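Single-structure report; data block below.
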There are 2 protein chains.
Amino acid sequence: MDELTIHEILARALLAGRIPAGTKLGEHQLAEVFGVSRERVRKVLHRLGHERLLNLVKNRGAFAIEPDPREARMVYEARRILEGGIVAHLCDHLTDAQAVRLREHMEAEEAALRAGDRATWIRLSGTFHLMLAEMTENAIIVRQAQELVGRTVMLVTFYEPDSASACGCDEHRSICRAVTARERSKAIKAMSSHLSLVETRLRPRPFSGPGVSLDVVLVEELEAHYARSGNAP
Amino acid sequence: MDELTIHEILARALLAGRIPAGTKLGEHQLAEVFGVSRERVRKVLHRLGHERLLNLVKNRGAFAIEPDPREARMVYEARRILEGGIVAHLCDHLTDAQAVRLREHMEAEEAALRAGDRATWIRLSGTFHLMLAEMTENAIIVRQAQELVGRTVMLVTFYEPDSASACGCDEHRSICRAVTARERSKAIKAMSSHLSLVETRLRPRPFSGPGVSLDVVLVEELEAHYARSGNAP
DNA sequence: TCGCCCATGATTGTGCACAATTGTCCATCG
DNA sequence: CGATGGACAATTGTGCACAATCATGGGCGA
């Protein structure tokens with residue numbers, strides 16, 4: 001069991017909201033589940049803490065972060081600023097090929113929505129923002145956008161555990177129109193109001209039961225990982 | 001010697017370009033200089049590697065990153081995107097108090113330039129961009145901007161070891177004007193062209209001699225740290 | 001009965017010793 | 001003379017044992 005693998009599994013589980021907020025991730029516990037030594041787990045935990053996916057408390061342990069409304073507002077505002085910069089940049093640098101890719105993506109999104117394929121629609125809707133970031137062809141910006149989008153997904157799964165709503169299609173459409181028309185100010189405003197709308201769709205979640213135990217979740221994630229890439233225990 | 005202190009000293013030395021690019025930072029060596037155990041240094045080194053201030057090579061060690069032109073272009077473009085988003089945001093959210101602070105900063109910059117106080121001017125010129133980021137009052141954006149500005153400083157000290165040039169004053173002035181006038185598109189263009197100008201001022205450095213040994217540099221940084229905050233060995 | 005204090009158990013932090021990997025140098029062979 | 005192979009030295013990675021720290025619960029006193 002590689003340490004990169006452990007990191008990937010935990011990060012994926014955290015970002016997908018599989019591990020309830022506030023859950024304590026004990027070093028010994030994780031070491032036993034993954035069948036590795038404690039030090040291996042330690043390094044991964046510290047790395048996840050540095051990536052703001054876990055709360056590290058000195059001499060207490062690592063806990064899955066519990067989003068508070070202040071942080072949610074901060075994340076969404078950061079996205080408005082960063083992604084506003086992205087679309088402004090794209091207004092000046094979008095290539096024809098990228099414009100085609102954008103249009104194709106929009107059509108796929110709308111087709112999935114019309115066809116009632118909710119799963120596909122949610123997935124496409126989520127990758128739209130990352131797609132815009134990738135079109136800057138700037139690794140730094142892509143990483144920053146990924147980090148923010150990841151934290152957004154955590155927020156959504158926390159505040160809306162059931163509905164798992166996606167972005168509005170027409171809002172994406174208007175962003176695309178503004179970018180391809182090279183209208184900088186309009187693109188920024190479209191992106192900003194779109195993200196604000198997404199933010200207002202968040203509702204304070206009624207209650208968050210502990211659900212199943214952490215061990216069970218981790219074993220599930222472990223098996224899911226093996227199912228994804230070469231099933232070798 | 002706290003581990004946070006070690007991290008701060010090394011980060012500061014790296015960002016200021018005091019440690020020549022490509023320098024190997026051996027764990028045993030650092031442990032001896034700081035008078036701590038090797039594990040303490042290890043953790044700091046890994047953290048610095050995760051912050052992209054060091055190149056970590058498995059089973060080889062940690063090396064001060066050597067900037068290549070590709071990375072320089074990437075950093076400056078990322079700054080154009082991010083800081084473009086920042087000024088666009090400020091166009092809509094700048095308070096009167098912030099506008100006053102901006103104007104005061106500009107006047108201080110120009111005063112230092114007129115007075116020939118080069119050191120002050122360079123410092124003020126460097127904090128201008130961070131000041132804009134802080135005015136978003138968003139911790140995430142501030143951190144991202146700090147990271148990019150830090151890497152820029154590294155690039156500048158690498159490519160222009162002697163001149164240590166700063167930003168152009170009138171360029172800052174025009175950015176301020178556009179922001180306070182709430183002219184979004186003009187502000188973005190001003191920031192973008194300003195950063196492009198700064199980028200073109202970089203010259204491929206003629207030669208990078210090894211200079212003094214790493215130990216000497218570190219001891220200097222250590223003493224500088226003690227001089228800054230409570231001189232206790 | 002309520003509140004405080006201390007002992008105890010559990011969990012994380014740290015130093016140390018050993019294992020693994022890599023780079024280098026020298027000898028030997030083609 | 002150049003190339004290749006192996007052994008050695010140096011450095012990093014890892015597991016283990018112990019120390020430090022914090023929550024918990026029971027006992028004692030007012």
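Naming: A, B, ... by sequence-line order, numbering from 1 per chain. Everything numeric in this text was worked out from a predicted model, so none of it was measured.
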Is [Y] paired with [X] through a side-chain N to carboxylate O contact shorter than 4.0 Å?
X       : Y       : result
R143(A) : E147(A) : no
K58(A)  : E3(B)   : no
R42(B)  : E39(A)  : no

Please give, in whole Å, the distance from [N] [atom2] to [X] [atom1]?
X      : N       : atom1 : atom2 : answer
H46(B) : dT14(D) : NE2   : C1'   : 12 Å
K58(A) : dT12(C) : NZ    : P     : 13 Å
E39(A) : dT14(C) : CD    : P     : 12 Å
R40(B) : dC16(C) : CZ    : P     : 11 Å
D2(A)  : dG13(D) : CG    : P     : 14 Å
N59(B) : dA20(C) : CG    : P     : 12 Å
H28(A) : dG13(C) : NE2   : C1'   : 16 Å
F63(B) : dT22(C) : CZ    : P     : 13 Å

For [N] and [X] - does any side-chain N or O of the residue sit under 4.0 Å from the phosphate oxygens OP1/OP2?
X      : N       : answer
K43(A) : dT14(D) : yes
R42(A) : dG13(C) : yes
K24(B) : dA10(D) : no
S37(A) : dG15(D) : yes

Q.
So for R60(B) and dG13(D), does any side-chain atom that can act as donor or acceptor lie under 3.5 Å from a complementary atom in the base?
A. no
(Q) Which nucleotide wins on minimum distance to the side chain of E27(B), given the candidates dT12(C), dA17(C), dT12(D)? (A) dT12(D)
**Q.** Proximal nucleotide (of dT21(C), dA17(D), dT14(D)) relative to the R38(A) side chain
**A.** dA17(D)
Q. Does the side chain of R12(B) pick up a donor-acceptor pair with the side chain of H225(B) at under 3.5 Å?
A. no
Q: Assess the pair H50(B) and H46(A): is the distance between their ring centroids shorter than 6.0 Å?
A: no
